[in-house]
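As the structure lists them, so they are numbered: ligands from 1, and atoms in each ligand from 1. Excluded from the calculations below are hydrogen atoms, water molecules and symmetry mates; all remaining heavy atoms, backbone and side chain alike, are included.
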Amino acid sequence: MQKLELAPGCLWWPGRLDRCQQEALLSQVESGLAQAPLFTPRMPRTGQPFSVRMSNFGPLGWVSDVDGYRYQTFHPDTRQPWPALPAALTELWHTLSGVPYPPEACLINWYGPEARMGLHQDKDEQDLTAPVLSLSLGDTALFRVGGTERRTPTRSIRLASGDAVLLSGPGRLAYHGIDRILPGTSTLISRPGRFNLTLRRVTPP
Ligand code: MD3
Ligand code: FE
């Protein structure tokens, strides 16, 4: 299928990755996680755990703990550098975004059957002009996207395995979240759940 514009600056490619590409990407994610295991992010100040577990690829990774949200060069538990960003992901970034410089971070989100992510904006990056590219693997998710203000009405979309979403321009600061996943809707992963990968530029090129 060709791309669809969900909201200004929010482009959706249903089934952008075929099954074979999804399997190859999943195996790269699983190898990365062997080196940089999923960690449980916590809310700043309260320390309340997120239901989504995370890891990262690339020179910088997004973390959150009692001290706040930030990008850092090492895993919060192992203190080791994040695994390299797979070349296939950087290629897809160039192809879909047209941005000439590479991404610096790939956040890996893992949603088990009960996980969700509340409506939020992504603005921890110094460079808010670069787009964000999202790739979904595994069970379908109910994704919600609105406008640049919390009161803007939202749309709900089912993001399935292999789907890509590019957020650029006005879409870059759109409120968005994951209401829930639909366990058992994909056979890609051997357990119920979903990975979402987001490729990001953090610092100006
Ligand atoms: C819209 N992840 O990691 S991906 C996140 O499915 C995040 O795990 C969700 O929100 C997930 O921050 C949604 C789609 C997405 C990613 C980044 C965006 C939508 C976005 C940035 C700006 C606007
Ligand atoms: Fe987000």
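A cation-pi geometry, defined here as NZ or CZ lying under 6.0 Å from the six-membered ring centre and within 45° of its normal, holds between R194 and Y111. Stacking of R155 on the aromatic ring of W12 is not recorded, the 6.0 Å distance cut-off and the 45° axial limit not both being met.
Taking the N/O/S atoms of H176 in turn, the shortest distance to the Fe ion (ligand 2) belongs to NE2. Looking only at its N/O/S atoms, D122 has OD1 as the one nearest to the Fe ion (ligand 2). Closest approach between the Fe ion (ligand 2) and any N/O/S atom of H120 involves NE2.
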What does the contact table look like for ligand 1 (nitrogen or oxygen on each side, cut-off under 3.5 Å)?
residue  : atom   : partner : partner atom : Å
ligand 1 : 3 (O)  : N109    : ND2          : 2.9
ligand 1 : 3 (O)  : R200    : NH2          : 3.2
ligand 1 : 6 (O)  : R194    : NH1          : 2.8
ligand 1 : 6 (O)  : R194    : NH2          : 3.1
ligand 1 : 8 (O)  : N109    : ND2          : 3.0
ligand 1 : 8 (O)  : Y111    : OH           : 2.5
ligand 1 : 8 (O)  : N196    : ND2          : 3.3
ligand 1 : 10 (O) : H120    : NE2          : 3.2
ligand 1 : 10 (O) : H176    : NE2          : 2.9
ligand 1 : 12 (O) : H120    : NE2          : 3.2
ligand 1 : 12 (O) : D122    : OD1          : 3.3
ligand 1 : 12 (O) : D122    : OD2          : 3.1
ligand 1 : 12 (O) : R200    : NH2          : 3.1

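Remark: the N56 side chain and the H75 side chain contain no N/O donor-acceptor pair separated by less than 3.5 Å. In this model, a donor atom of one side chain and an acceptor atom of the other lie less than 3.5 Å apart for N196 and S134.
Through chains of ILVMFWY side-chain contacts below 4.5 Å, L119 is grouped with Y175.
Inter-residue side-chain proximity for M54 and F39 is flagged as met; some heavy-atom pair is nearer than 4.5 Å.
More than 12 heavy atoms of other residues, nucleotides or ligands sit less than 6.0 Å from atom CZ of R70.
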